[in-house]
A.B. asks: 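There's a structure below that I have some questions on.
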Amino acid sequence: MRISPGALLVVIAVLVPFVVEFRTALSWFGVELSVLESVALAGVLVLGLLVWAMWPQNGGEMGSADSN
Amino acid sequence: MAMRNAYVDQFPSEARLISAAFWSSFLALAIGGSLGLVQALHRTDYLRFIDSVDYYTVLTAHGVLLAITFTIFFLVGIFTWAVTTSLDRGLEDLRFSWAWYAMMVVGTVLVGVSILGGVVDSIDMQADVLFTFYAPLQAHPAFYVGLVLFVVGTWLAGADWFRTWWAWRGENPDERIPLPTFMTLTTTLFWYLCTLGVALSILVLLLPWSMGIVDSVNPLLSRTLFWYFGHAVVYFWLMPAYMMWYIMLPKLSGGKLFSDPLARVVFVLFLLLSTPTGIHHQYLDPGIAEGYKFIAMTNTMFLLLPSLLTAFTVVASMEHGARQRGGTGYLGWLKALPWRDPVFTGMALAGLMFAAAGFSGMINAGMNINYLVHNTWWIVGHFHLTVGTAVALTFMAAAYWFVPQVTGKQLWNRSLALGQVLLWFVGMTFMSNAMHRSGLFGMPRRTAEPQYQGFNFEPAAGTVGEINAQVALGAALLTIALALFLLNMVMTTIGGESDAIPDNTYAGTLSGPEDAPVVLDNLKLWTAIATVLVVFAYTLPLASIIDAGGLFGPGIEGFQLTIGIDPAIVLESVREVMP
Amino acid sequence: MNIHTYEKVWLAAAMVLIVGFIATITYGAVGPGIAMIDDEAGSIDPAEINDDERFAEPGVEHVGGNEYEVTVVAQAWSYSPAEIEVPANSEVTFYVTSRDVTHSFSVVGTNVNTMVIPGQVSEMTVQFDEPGEYGILCNEYCGEYHHTMEGKLNVVPEDEFDLTELSVEAPDEVDAGNETTITANVSNGMQEDLETTATLEIGEQQSERDVTVAGDSTEQVEFTVDTADLGEGDHDWTVTVDDYEESGTLSVVADDGNASADGGDGDA
Ligand code: HEM
Ligand SMILES: [Cu+2]
Ligand SMILES: [Cu+2]
């Protein structure tokens, strides 16, 4: 673990306003994400975060390969 | 529990008073918050189990219980803790202290019962006037009496803190005022200054009028006096949260407050500028000349300064703490902060949301842009970030530290507490973002059914349905977070005493009071300047309002457009008088 | 007092930001002449609204050129008039007051938004460039049915806009053999002359009169109807002026006969 589970939880929570506001901001440029797409985006981000957090500190052998 | 040195060990009687104040506050939060969910579901048409006409009774209760009762009961608890802890002496006379607490309770009960009368037939009262009670909507006299009692209770609480400080000063004539006490006293001073406005409005205009002693009211005058108080009150809620960010957050981060002198400067600025800004809530009011609105706007913009300074000091103190804990790097230090601690995380997230609220606040403050958002749901989104999160979430997080301090009992479940503050943060993100966005296309606030016959709202992006869903989702998450908070508080209180309560301390400073010019502690001077600023900002507008409409207005009687009027009959009678 | 360098920089930046805000807003408010709601329009006694020069007959008035005045009275829980029509390319000054409690007059999704406080008159001037339809709503709580308080603002293309009114005076019945008159009152609320044609259709017949109505006045157009051409019985008539029409029924009865009761609704 690179960060504590508590900190990980906090990062995930703070991610929510970023995704929500990102979606709002994109809509001003005419790009409208559907709810599903936004949830998917958030899912990908959280997954990436988890992979990063779980990755062994000093370049271990391999991580889980189930990314989208 | 030999070595324990919690607040309850130092000041057992004061601890009981503070506990009582906290519980009064939590009770208001429990009721008010649940009503919030009712409102959110009703407006968005997900679930309507009350009549739309009763929506406004619910909304009055939500506004009063949360904005006034919840916040101020918590505040008197924190300030009592701050004064006694930092002066290291108890209150002068606990009987007096319980008296002001009792007065606040009686006031709240009177207000609560008169509001409840709006939905309970057996109570022959009503106060469906929302927490702003704009005349000529008229409430039962008990509502106004209750408000006055509550406010006078807070005045006496302020007197209590001053008394304690005077007694301390007698024994320590050459010492600087300790920072927490300094914060309490400056806040109390502007509270005296601003509550004078509502007190006058209620005692001279509204109460006699609701009792039929005078038969007319000047709506613009009472409204202006309300906002004379109404902006300062938002800083009254905010100051205890600021106090927590200044004196608790640095300690929780593992370090010290960056600068005591600047903290003093910030609180002095709030004392000076909180009140002469109220007219910024009246940018859209007729009967007030543009120049006065402009003065209010300028003062408002300068009020950004103390908040920006606070942002700096708080972040710098947190960084200092993180580096003490071994944090390194430009942003890497963030990782070294105690994110598993719900007290720290709750306050930090509350601060983050307050920064976001600062942006929507700047929009509100602009005289011209305000026309787009005034009285829309944008505003409601804004103040759920400020009072509904910056203040409320800081208070909840603080409670996780304070309740063990004043009860001697350990927090029931720390992980649950962490989950709770995160859930509140996420819930508020959804609700507030949707409220802001719907304000931009004109969705009004304070409206039971914002669905109209003759037109549809046209969101710039997304759909009304999607925005409603987001509000309902956010409100549901918030309500769950609220329930978890209360659960934790109840379980903590009914739990057993614990030896593992940390000592009652607050943050030290890197640059201490010895660096602060002595003049900063001259409360008389700052009060005098604050008074002069208020006189400048308000004398002329009030004079011209009274000049144009008279002290009691041109024969404007009270309206209770609420009790059992059939709209058809009202419309009929309205049509009769219509040309 | 000892202030950290970074803090000094931050302080300076904060001041620049604040002064910058004030400057832009001042420019925005004073520059392009956007007027704020203020105390210009004065105060009013709500009890006297029906006798007030401005508010006794709320509605749209032409001031001259492309300038219009719209007066609106707000009351629980409606606006009068409930529907407002103004032309595109116009400059419209709204005057709004309240008969009872505080309301708002808010044109949805625009910055046309004002509080409406009893005892006060809100004045605001708005430029309407394009045609469009807007909702109006009250966004200040004004009692139990506050959520039902709404109105409509239609900005119509310039050439579809007028302030013409038509009212017709006609008898319900007339004895066979007599002549009678149907009178059309054409009033013109605009300040310019109105040149138009009034048309009466009755039975199989149709007659037209050209009429010029001076600004802010009313003209009478009289159509003479000869019952001999119509014959006995009920005859439907319609008077048309531009897009306005009014109709009724004229009964031609035998000289000696009695009045029939179903004589139509005459003039309104
Ligand atoms: C469970 C959490 C909460 C929910 C679901 C919630 C929901 C709402 C909703 C939907 C409204 C808008 C009503 C309308 O405009 O028609 C509202 C108004 C308001 N809320 Fe909350 N709220 C919550 C917590 C809070 C908190 C913690 C505070 C303050 C400490 C607060 C203060 C207010 C105030 C002052 C109003 C305005 C009342 C008025 O317009 O008269 N709310 N709330
Ligand atoms: Cu304000
Ligand atoms: Cu209303």
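Heavy-atom basis, side chains included; hydrogens, waters and symmetry copies ignored.
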A.B. asks: Partners of His280(B) by side-chain hydrogen bond (donor to acceptor under 3.5 Å, both in side chains), sequence neighbours excluded?
C.D. replies: His231(B), Thr300(B)

A.B. asks: Asn375(B) versus Glu140(C): any side-chain heavy-atom pair under 4.5 Å?
C.D. replies: yes

A.B. asks: With a 4.5 Å limit on heavy-atom distance, are the side chains of Tyr283(B) and Met36(C) in contact?
C.D. replies: no

A.B. asks: Can you tell if the side chain of Asp285(B) reaches within under 4.5 Å of the side chain of Ile117(C), non-hydrogen atoms only?
C.D. replies: yes

A.B. asks: Looking at Tyr134(B), Phe312(B), Phe457(B), which makes the most heavy-atom pairs under 4.5 Å with chain C?
C.D. replies: Phe312(B)

A.B. asks: Will you find, in the side chains of Tyr56(B) and His147(C), an N or O donor that is under 3.5 Å from an N or O acceptor?
C.D. replies: yes

A.B. asks: Please determine, among Glu514(B), Gln451(B), Gln453(B), Gln282(B), the option with the most heavy-atom pairs under 4.5 Å with chain C.
C.D. replies: Gln453(B)

A.B. asks: Tell me, for Thr110(C) versus chain B, whether the close heavy atoms (under 4.5 Å) come from the side chain, the backbone, both or neither.
C.D. replies: backbone

A.B. asks: Is the closest side-chain heavy-atom distance between Met115(C) and Pro286(B) below 4.5 Å?
C.D. replies: yes

A.B. asks: Does any pair with a residue in residues 58-82 of chain C pass salt bridge (charged side-chain N to carboxylate O under 4.0 Å, His left out), and if so which ones, sequence neighbours excluded?
C.D. replies: none

A.B. asks: Under a 4.5 Å heavy-atom cutoff, which of Gly135(C), Gly42(C), Ser106(C), Gly151(C) has the most pairs with chain B?
C.D. replies: Gly135(C)

A.B. asks: Just to verify, which of Phe455(B), Phe441(B), Tyr452(B) counts as forming a side-chain contact (heavy atoms from CB on, under 4.5 Å) with Val108(C)?
C.D. replies: Phe455(B)

